[in-house]
Amino acid sequence: KTGPGRLSMTGNSSVFTGAVNVQNGGLQVLGSLGGQCTVFAPGVLTGTGTVGSVTNQGTVAPGASIGTLNLSGNYTQTSSGTQGLLMKKI
């Protein structure tokens with residue numbers, strides 16, 4: 001994903017085994033996306049779906065307002081990456 005704006009992925013691509021690079025703008029995963037996803041700054045990965053493995057060098061902000069982004073593989077947080085959290089008072 002390059003360029004500004006947000007790309008929403010809603011289908012089932014869980015059998016995908018390639019690489020996805022989020023280089024700019026946002027990728028919102030609402031379905032299933034297999035393979036290796038690398039988020040580069042200033043890119044943002046969001047959503048409530050399921051992704052394969054993630055290497056975060058940009059921003060990973062789970063949810064769509066509030067929600068959970070599921071991983072079916074490994075998660076690597078680099079020193080330059082940011083992990084966003086939403087907290088709700090209960």
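Keep in mind that what you see is a predicted model, and the values were worked out from it rather than measured.
- Here the CD-OG1 distance, from Gln57 to Thr82, works out to 11.5 Å after rounding to the nearest 0.5 Å.
- The two residues Gly84 and Pro62 make their nearest non-hydrogen contact at O-CD, 3.2 Å.
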Taking distance alone, no hydrogens or angles, what donor-acceptor pairs closer than 3.5 Å link side-chain atoms of residues 36-51 to residues at least two apart or in another chain?
from, atom 1, to, atom 2, distance (Å)
Gln36, NE2, Thr55, OG1, 3.1

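- Heavy-atom minimum distance, Ser72 versus Gly52: OG-CA, 3.4 Å.
- Annotation: side chain to side chain donor-acceptor pair (under 3.5 Å) contacts of Ser53 (sequence neighbours excluded): none.
- Asn56 places no side-chain N or O within donor-acceptor distance of the main-chain N or O of Tyr75, the cut-off being under 3.5 Å.
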Output side-chain donor-acceptor pairs under 3.5 Å for residues 7-23, partner residues at least two apart or in another chain, one line each.
from, atom 1, to, atom 2, distance (Å)
Ser8, OG, Gln28, OE1, 2.8
Asn12, OD1, Ser14, N, 3.0
Asn12, OD1, Ser14, OG, 2.8

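- In this structure, Leu30 stands alone, with no Ile, Leu, Val, Met, Phe, Trp or Tyr side-chain heavy atom under 4.5 Å from its own, directly or through other members.
- Contact annotation: the side chain of Val29 approaches that of Leu27 to within less than 4.5 Å [non-hydrogen atoms, C-beta and beyond].
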